[in-house]
Amino acid sequence: MPPRSGRVWRKRRLPFGSTAGRAISRPWSTTTRPLRSSVGKCPRGLRFCATMPPMSWRRKIEARMREIVRRDEKITREVWDRDAAITFFDGIGERYKAEYIGEIPEGEEISLYRQGDFVDLCVGPHLPSTGYLGEAFKLMNVAGAYWRGDPKNPQLQRIYGTAFGSQKELDQYLFQLEEAERRDHRRLGRELDLFHLGEEAVGSVFWHPKGWTLYRTIEAYMRGRLDAAGYQEVRGPLLLDRSLWEASGHWENFRENMFIAESRDERVLAVKPMNCPGHVLIFSNRLRSYRELPLRLAEFGSCHRNEPSGALHGLMRVRGFIQDDAHIFCTEDQVTGEAIACCKLLLSIYRDFGFEDVEIKFADRPTVRVGSDAVWDRAEHDLKAAVETAGLTYTLNPGEGAFYGPKLEFHLRDALGRQWQCGTVQLDFNMPGRLGAVYVGEDGARHTPVMLHRAILGSMERFIAILTEHYAGRFPLWLAPVQVVVASITSEAADYAAEVARECGAAGLRVELDASNEKITYKVREHSLAKVPIMLVVGRREAANRSVALRRLGGKEQEALALGEAVARLKEEAAVAWSS
RNA sequence: GCUGCCGUAGCUCAGUGGUAGAGCACUCCCUUGGUAAGGGAGAGGUCGAAAGUUCAAUCCUUUCCGGCAGCACCA
């Protein structure tokens with residue numbers, strides 16, 4: 001299962017901790033341009049900010065930064081003796097910084113950078129003078145951050161900012177942020193009446209008719225692809241006995257995040273946080289033969305995870321969600337072929353949804369894991385071999401594998417250039433054994449199958465959020481919840497409009513009729529705002545010669561078409577052509 | 001979960017220690033209008049919840065709930 005967050009975009013929101021912090025407390029220091037500060041969690045910048053009225057000082061700090069930039073002070077590097085540095089920073093009350101220096105490994109230089117009367121610890125390197133920062137920067141926001149990223153440590157205030165080589169680039173970036181806000185799926189979800197989230201079910205989605213139509217369209221498409229790819233769909237129970245989760249290792253690793261339900265008897269049940277144990281039970285319900293392998297079990301599996309409240313974010317991170325999950329039980333020999341087929345299927349599906357730019361990452365063993373190193377060695381080797389054989393390039397994501405096996409992560413780039421991890425293919429030599437899955441091999445002996453976990457869209461909820469933002473709510477025709485609105489110009493054309501709508505419906509198009517008592521300009525505006533791809537406008541003229549005026553979303557022109565031709569054409573346009 | 005901020009009509013937001021307002025949306029009426037807002041009227045709120053301070057709380061205090069941003073987490 002992929003992590004369900006993962007906005008890689010934040011790479012561009014640069015930690016300004018040190019820079020802005022210095023501007024508040026003391027003269028000024030330095031920075032590189034653009035500000036790719038490697039010391040993101042600079043303690044000095046954070047410490048005193050804690051008592052700072054959050055946003056109100058932003059302008060003052062910025063103004064002060066600009067002053068320092070204009071002074072164009074020279075920046076010089078100094079190497080200090082460790083103890084002297086600690087004493088110095090302790091002496092000026094920089095407790096955190098002194099602590100930090102104490103932990104710099106022996107043999108590494110303690111480098112300080114000086115500008116004017118200000119000196120600070122930094123690995124550097126720095127540009128020659130403060131003027132190099134330029135003025136194309138902006139402080140963005142302030143938020144708490146744990147000292148050294150550990151929740152056990154006190155939280156300090158971190159200032160975020162961003163900097164570019166020119167004002168033009170900065171403006172462009174700021175515009176992109178605004179664009180992201182306009183596309184925010186939470187906002188579009190409301191505006192397009194797709195879903196809502198409420199206090200009555202924190203972290204779960206109330207799907208409205210239009211949102212659920214979109215959901216079902218995606219699900220139907222996926223079913224078609226899975227059937228064609230040799231998967232068999234199953235459905236497992238939502239509540240499963242505690243003992244199963246103990247056997248799978250989830251109880252130990254994720255108990256805090258599981259919803260527990262009590263039953264009438266002494267049994268403790270858990271609402272399933274994932275589908276694999278259920279699929280293993282289906283596999284193991286009878287003795288399996290090697291002839292049945294590879295056995296591909298797919299499920300639109302409903303999962304619940306008690307995510308920390310602060311992690312919840314629209315549809316991107318919810319407590320109740322549906323995974324497009326599957327588990328492939330196979331022999332060791334079949335692993336490579338199956339993994340390759342998975343990769344191809346995933347990429348083809350992403351193309352159909354409009355994602356051409358996909359990055360594959362290989363995530364290897366995490367610190368907390370089950371299984372021996374020998375088994376991990378084999379799993380990592382086999383999975384890597386599969387991607388390579390498929391002729392795909394990948395990058396490494398060390399230590400990010402699942403606790404039971406390494407995984408391939410599929411990151412999609414959206415229209416705004418942001419990356420989202422959706423699919424994963426995970427190779428698992430551990431779970432089948434832990435849960436006692438076996439098959440009878442050609443040799444008549446019992447063997448433990450290998451299991452491939454894979455999700456393509458990840459969570460349906462999150463994928464719909466990504467799709468919504470990718471298309472800014474203007475879904476391609478095959479996905480649009482309402483594909484066509486038939487709008488009448490006068491009430492005289494209302495009967496004909498109803499007939500047009502019926503024809504569209506009969507052709508399988510998702511159509512709405514607007515015969516309301518409004519001007520056509522008003523209707524055009526309404527349905528344009530609702531981002532309906534096609535409007536068929538009919539007035540007296542069209543009613544008389546049985547035609548329609550076809551208007552596309554955002555278009556200025558209309559096309560006059562015979563009714564039958566328009567319907568046939570739209571039907572064809574709305575059909576999904578699978579990528580190979 | 002942590003830190004900070006926020007919570008007033010369906011939505012976006014004004015506002016005040018003496019129980020509240022706008023625009024849009026909604027309902028009704030007039031209007032039958034040819035491609036992004038025709039006109040009028042009406043209805044709609046226990047001001048997130050509970051305690052406290054006060055003669056009096058939507059406003060001040062505390063706690064809780066929810067949201068937002070970041071952190072941490074993400075099988």
Side-chain angles (χ1 to χ4, degrees), chain A residues 1-6 10 13 15 41 46 49-50 52-55 140-160 184 186-187 190-191 193 196-200 202-203 245 248-258 272-277 303 305-314 316-317 323 366 368-370 400-405 407 421 424 426 428 431 453 458-459 462 487-494 517-529 535 537-542 549-551 553-558:
Chain A
M1 176 56 193
R4 288 174 298 118
S5 57
R10 72 166 68 98
R13 315 191 76 191
K41 293 160 190 175
L46 310 171
C49 298
M52 189 180 71
M55 289 312 273
M140 307 298 289
N141 54 358
V142 178
Y146 297 113
W147 163 234
R148 314 190 69 169
D150 188 336
K152 287 193 282 289
N153 287 336
Q155 216 169 35
L156 310 169
Q157 293 302 310
R158 184 186 295 176
I159 297 175
Y160 289 83
D184 192 310
R186 292 167 296 183
R187 174 176 170 160
R190 188 178 57 238
E191 289 173 358
D193 199 18
H196 83 267
L197 299 159
E199 295 191 24
E200 303 82 357
V202 174
W245 303 109
S248 70
H250 290 96
W251 192 265
E252 186 188 345
N253 285 301
F254 294 102
R255 196 219 173 304
E256 289 299 299
N257 294 312
M258 289 165 71
K272 72 171 168 175
M274 57 184 331
N275 310 301
C276 28
C303 295
R305 297 178 185 177
N306 199 353
E307 306 282 7
S309 58
L312 301 176
H313 181 90
M316 294 286 186
R317 190 85 179 265
Q323 273 180 289
V368 180
R369 58 177 184 262
V370 297
E400 292 295 315
F403 72 84
Y404 47 72
K407 64 182 180 189
Q421 187 193 319
T424 58
Q426 307 176 0
D428 183 356
M431 202 64 76
H453 307 240
S459 111
R462 181 164 174 271
S488 57
I489 294 174
T490 72
S491 52
E492 278 176 64
N517 179 17
E518 287 294 346
K519 290 195 171 190
I520 193 60
T521 50
Y522 184 86
K523 295 185 185 182
V524 166
R525 178 180 155 81
E526 284 296 283
H527 302 116
S528 297
L529 290 174
M535 276 184 81
V537 177
V538 297
R540 207 172 299 168
R541 247 183 355 243
E542 287 76 11
L550 188 152
R551 182 199 161 96
L553 176 58
K556 290 264 189 293
E557 273 135 47
Q558 315 131 47

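Below, chains carry the letters A, B, ... as their sequence lines are ordered, and counting in each starts from 1.
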Strictly under 3.5 Å: I want the nitrogen or oxygen pairs between protein and nucleotides 41-49 of chain B, one per line.
none

Separation between the [atom1] atoms of [N] and [M], rounded to whole Å:
N	M	atom1	value
B/G40	B/C55	C1'	45 Å
B/C5	B/G10	P	28 Å
B/G15	B/U58	C1'	10 Å
B/C24	B/C2	C1'	39 Å
B/A9	B/G44	C1'	6 Å
B/A43	B/A36	C1'	28 Å

Using atom [atom1] of [X] as one end and atom [atom2] of [N] as the other, report the distance to the nearest whole Å.
X	N	atom1	atom2	value
A/Phe403	B/C73	CZ	C1'	16 Å
A/Arg187	B/C24	CZ	C1'	14 Å
A/Asn306	B/A72	CG	P	20 Å
A/Asn257	B/A75	CG	P	10 Å
A/Arg186	B/C68	CZ	C1'	7 Å
A/Glu256	B/A75	CD	C1'	14 Å

Can you run through RNA chain B from 5' to 3' and write each base as (, ), [, ], | or . depending on how it pairs? Watson-Crick or G-U wobble, both distances under 3.5 Å.
-> (((((((..((((....[..)))).(((((.......))))).....(((((..]....))))))))))))....
Side-chain donor or acceptor of A/Arg305 under 3.5 Å from a matching atom on the base of B/C73?
-> no
Using the test side chain to side chain donor-acceptor pair (under 3.5 Å), find all partners of A/Arg540 that sit at least two apart in sequence or belong to another chain.
-> A/Glu492
Do any side-chain nitrogens or oxygens of A/His313 fall under 4.0 Å of OP1 or OP2 in B/A69?
-> yes
Among B/A75, B/A72, B/C68, which nucleotide sits nearest the side chain of A/Ala311?
-> B/A72
Counting primed atoms, P, OP1 and OP2 as sugar-phosphate and everything else as base, the B/S/- map of nucleotides 32-38 of chain B against protein heavy atoms under 4.0 Å is BBBBBBB
With the criterion being N/O to N/O and under 3.5 Å, what pairs connect the protein with nucleotides 8-13 of chain B, and how long is each?
| unit_1 | atom_1 | unit_2 | atom_2 | d |
| --- | --- | --- | --- | --- |
| B/U12 | OP1 | A/Arg190 | NH2 | 3.4 |

Of all residues at least two apart in sequence or in a different chain, which pass the ring pair (Phe, Tyr, Trp, His ring centres under 6.0 Å) check with A/His250?
-> A/Trp245, A/Phe403
